[in-house]
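Below, read A as the first sequence line, B as the second, and so on, with proteins coming before strands; counting in each chain starts at 1. Everything quoted here is computed from the prediction, not taken from an experiment.
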Amino acid sequence: MQYAPVKGMNDILPDEIDRWYRLESAFRRVVSRYRYGEVRTPLLEHTELFVRSIGETTDVVEKEMFTFARPKGESLTMRPEGTAGAARAYLTNKVQSREPLTRWYYLGPMFRAEQPQRGRYRQFHQAGCEVYGDLGPLVDAEMLDMLVTFFHEVGVFDVEVCINSIGGEAARARYRSALTEFLRPRAQELSEHARSRLETNPLRVLDSKDARDRAAVTEAPSILEMLEGEDRQHWEGLLTALDALGTPYLVRPGLVRGLDYYSRTLFELNATSGELGAQNTLCGGGRYDGMVKSLGGPDTPAIGFAMGLERILLAAAAVPAAKTPFCVLAPLGRSAQLTALAVARDLRAAGIAVDLDGRGNSLKSMLRRADALRARLCLVIGDSEVARAVVQVKDLAGHSAAEVALGDLPGRIGELLATTPSPPEGA
RNA sequence: GUGGGUGUAGCUCAGUGGUAGAGCACUGGAUUGUGGCUCCAGGUGUCGCGGGUUCAAUUCCCGUCACUCACCCCA
């Protein structure tokens with residue numbers, strides 16, 4: 001092969017794009033009902049934005065960013081996630097001074113230089129939502145419920161909602177030292193990886209998959225029990241709201257995320273069946289009440305999530321797409337081809353999708369192809385039809401044919417496409 | 001970044017130290033202009049890439065790249 005695609009970056013061909021369209025439009029449809037508006041931010045941002053928001057010592061920033069240098073010392077990075085850029089856009093455009101409450105969504109490619117595997121690629125696609133300016137737990141619950149609704153709507157029913165709270169900065173600091181104190185005497189029981197994290201980021205030990213770490217952590221203090229004051233109120237408010245909605249959830253005190261900006265509510269939606277293996281996190285998010293301020297803006301509470309579209313496509317049952325009906329035009333001979341060209345234009349002008357087979361093949365091959373494409377109708381135009389100013393209209397599913405005068409064509413075809421059922425799959 | 005598996009036709013895969021096959025798909029014909037079945041015919045491959053051993057390598061050896069699964073991490 002002369003040129004291979006860049007590792008972990010894939011082409012999406014027309015055959016597959018239909019599933020993407022349906023997923024994306026379902027997302028837009030659902031979030032629009034909650035009054036989210038789309039924001040499109042650049043794929044490139046200053047590296048510093050991601051370092052500051054995601055966190056200097058996170059894996060994403062330390063080793064997974066596509067970063068390159070520009071002249072005069074500028075460093076740019078291809079966005080590894082959407083929250084940082086959205087927050088930057090929120091500040092850049094001084095949105096907080098125009099409206100007190102903002103709901104945004106985004107949809108598009110993200111880039112991380114990881115080792116690709118099933119459901120994880122270097123260029124991948126995320127859809128996400130951000131709410132700025134709402135501190136209360138109601139919006140947390142609303143967002144989780146919206147996500148469940150969305151997954152049901154795209155045919156993913158086996159999802160579990162996992163939630164946790166890591167409190168605000170003060171609570172996190174308290175818990176951090178309690179956890180370190182608890183783990184330090186047991187350092188020998190931990191995996192090497194967890195041991196190295198003990199001092200740098202002890203919370204991450206909680207969601208280690210290593211059996212030794214899991215065992216050591218079972219008796220660890222729970223952050224939920226240490227929540228106080230407003231942190232506790234918020235957490236309890238969230239549970240109350242979820243209960244009121246009847247949204248099922250799992251409290252997972254070990255749930256911790258890999259990005260530094262989170263505070264209080266943390267959540268994850270996981271696929272519980274299907275073939276995703278270890279990459280079963282379909283959606284992750286939480287609050288990041290301190291982020292906007294830390295980027296130099298006003299103190300603005302915020303909450304958001306991102307979901308991986310590739311994974312959702314893997315998790316969603318492969319429902320065959322309902323193709324928009326169309327017809328194939330099969331001309332026989334030079335003069336019929338010229339007539340067909342004009343006929344096709346007139347049909348298209350009437351809003352009908354037409355596949356003009358102008359290769360000059362045999363009628364049989366054109367009909368075979370029309371079948372293979374699952375066209376509803378095939379219009380045959382030969383010399384005798386041209387002479388009489390008609391076309392032969394074949395209903396490919398019903399094996400019937402009728403002659404239609406050229407003048408009646410667009411209207412007649414429109415009617416037939418609306419009423420003729422699609423040929424059954426595999427027939 | 002670490003470890004395992006796999007690279008042969010468009011796809012799924014067989015196979016051999018003497019430069020290669022099947023099924024599906026595709027094209028044509030049987031049916032001078034009427035389809036999904038059937039039958040017949042046809043074409044396609046730098047056998048991932050580079051090097052080594054050999055009279056001879058797609059086959060054996062080494063390296064490398066890609067894909068893939070898992071770890072890690074995350075969506």
Side-chain angles (χ1 to χ4, degrees), chain A residues 1-10 13 15 54 58-65 80-83 108-128 147 191-194 196-197 201 204 207-210 256-259 267-271 275-286 304-315 328 330-333 336 357 359 361-375 377-386 392-401 423-427:
Chain A
M1 205 187 299
Q2 283 283 339
Y3 291 101
V6 175
K7 187 191 192 76
M9 307 205 175
N10 304 304
L13 301 181
D15 273 353
I54 297 171
T58 55
D59 287 310
V60 170
V61 167
E62 274 182 343
K63 50 193 191 195
E64 294 172 1
M65 297 204 301
E81 53 97 57
T83 295
M110 306 292 165
F111 304 85
R112 289 186 203 174
E114 300 178 276
Q115 197 59 244
Q117 70 184 70
R118 186 176 189 78
R120 191 181 74 185
Y121 308 98
R122 291 189 164 184
Q123 174 171 339
F124 60 107
H125 297 79
Q126 284 190 336
L147 283 165
S191 67
E192 285 171 39
H193 193 243
S196 73
R197 269 177 164 168
N201 197 348
R204 299 310 311 276
D207 72 342
S208 169
K209 283 177 200 153
D210 191 292
V256 172
R257 322 227 80 253
L259 279 41
F267 59 84
E268 221 171 69
L269 276 78
N270 297 311
E275 30 196 280
L276 277 160
Q279 311 298 324
N280 69 333
T281 305
L282 299 178
C283 173
F305 67 83
M307 49 195 184
L309 300 186
E310 281 83 356
R311 287 182 189 179
I312 296 171
L313 286 174
L314 285 173
V328 170
L332 288 159
D357 194 337
R359 298 173 301 162
N361 279 13
S362 70
L363 179 58
K364 171 169 29 191
S365 80
M366 289 191 283
L367 280 166
R368 274 188 187 164
R369 177 163 170 276
D371 276 325
L373 294 175
R374 308 231 165 274
L377 302 174
C378 184
L379 313 197
V380 180
I381 307 179
D383 291 339
S384 87
E385 283 83 4
V386 171
Q392 188 189 146
V393 178
K394 293 179 72 68
D395 172 353
L396 289 173
H399 292 267
S400 58
E425 206 66 33

Expressed as a whole number of Å, how far does the [atom1] atom of [N] sit from that of [M]?
| N | M | atom1 | answer |
| --- | --- | --- | --- |
| B/U16 | B/C61 | P | 15 Å |
| B/C55 | B/U12 | C1' | 37 Å |
| B/G36 | B/G43 | P | 24 Å |
| B/A9 | B/C69 | C1' | 26 Å |
| B/U59 | B/A14 | C1' | 14 Å |
| B/C60 | B/G4 | C1' | 23 Å |
| B/G23 | B/G63 | C1' | 35 Å |
| B/G18 | B/A30 | P | 42 Å |

Starting at the 5' end of RNA chain B, which residue's closest nucleotide do you reach first, A/Thr281 or A/Arg120? A/Arg120
Between A/Arg359 and A/Asp371, which is nearer to the 5' end of RNA chain B once each is assigned its nearest nucleotide? A/Arg359
Would you please name every residue forming a side-chain hydrogen bond (donor to acceptor under 3.5 Å, both in side chains) with A/Asn10, sequence neighbours left out? none
In chain order, what residues pass the side-chain hydrogen bond (donor to acceptor under 3.5 Å, both in side chains) check against A/Arg122, with sequence neighbours excluded? none
Length of the line joining [X]:[atom1] and [N]:[atom2], which is rounded to integer Å:
| X | N | atom1 | atom2 | value |
| --- | --- | --- | --- | --- |
| A/Arg112 | B/C74 | CZ | P | 8 Å |
| A/Glu64 | B/C72 | CD | C1' | 9 Å |
| A/Glu268 | B/C73 | CD | P | 13 Å |
| A/Glu114 | B/C74 | CD | P | 9 Å |
| A/Glu81 | B/C73 | CD | P | 18 Å |
| A/Ile54 | B/C73 | CD1 | C1' | 13 Å |
| A/Leu377 | B/G35 | CG | P | 17 Å |
| A/Leu309 | B/A75 | CG | P | 13 Å |

Could you pull out all residues at least two apart from [X] that satisfy side-chain contact (heavy atoms from CB on, under 4.5 Å)?
| X | value |
| --- | --- |
| A/Ser384 | A/Arg388 |
| A/Leu367 | A/Leu363, A/Cys378, A/Lys394, A/Leu396 |
| A/Ala306 | A/Tyr106, A/Gln126 |
| A/Thr58 | A/Ile54, A/Val60, A/Val61, A/Asp260 |

In chain order, what residues pass the salt bridge (charged side-chain N to carboxylate O under 4.0 Å, His left out) check against [X], with sequence neighbours excluded?
| X | result |
| --- | --- |
| A/Asp371 | none |
| A/Lys63 | A/Asp59 |
| A/Glu385 | none |

If you round to the nearest 0.5 Å, how far is CZ of A/Phe124 from CE of A/Met9? 10.5 Å
When rounded to the nearest 0.5 angstrom, what is the spacing between CG in A/Leu314 and CG in A/Leu309? 11.0 Å
Would you classify [X] as touching base, sugar-phosphate or nothing, given that sugar-phosphate means primed atoms plus P, OP1 and OP2, and contacts are heavy atoms under 4.0 Å?
| X | result |
| --- | --- |
| A/Asp59 | sugar-phosphate |
| A/Ala306 | sugar-phosphate |
| A/Gly285 | nothing |

Per-nucleotide protein contact string for nucleotides 28-34 of chain B, where B marks a base within reach and S marks sugar-phosphate only (heavy atoms under 4.0 Å, - for neither): SBB--BB
Would you confirm whether A/Arg204, through its side chain, and A/Val256, through its main-chain N or O, come within 3.5 Å as a donor-acceptor pair? no
Do A/Arg311 and B/C74 have a side chain to base donor-acceptor pair shorter than 3.5 Å? yes
Which atom pairs link the protein and nucleotides 63-68 of chain B when you take only N or O atoms and keep those under 3.5 Å?
residue	atom	partner	partner atom	Å
B/C67	OP2	A/Lys7	NZ	3.3

Is there a side-chain contact between A/Leu147 and A/Met307 (heavy atoms, below 4.5 Å)? yes
Stem list for RNA chain B, please, built from Watson-Crick and G-U wobble pairs under 3.5 Å and keeping only runs of at least 3. B:1-7 with B:65-71, B:10-13 with B:21-24, B:26-30 with B:38-42, B:48-52 with B:60-64
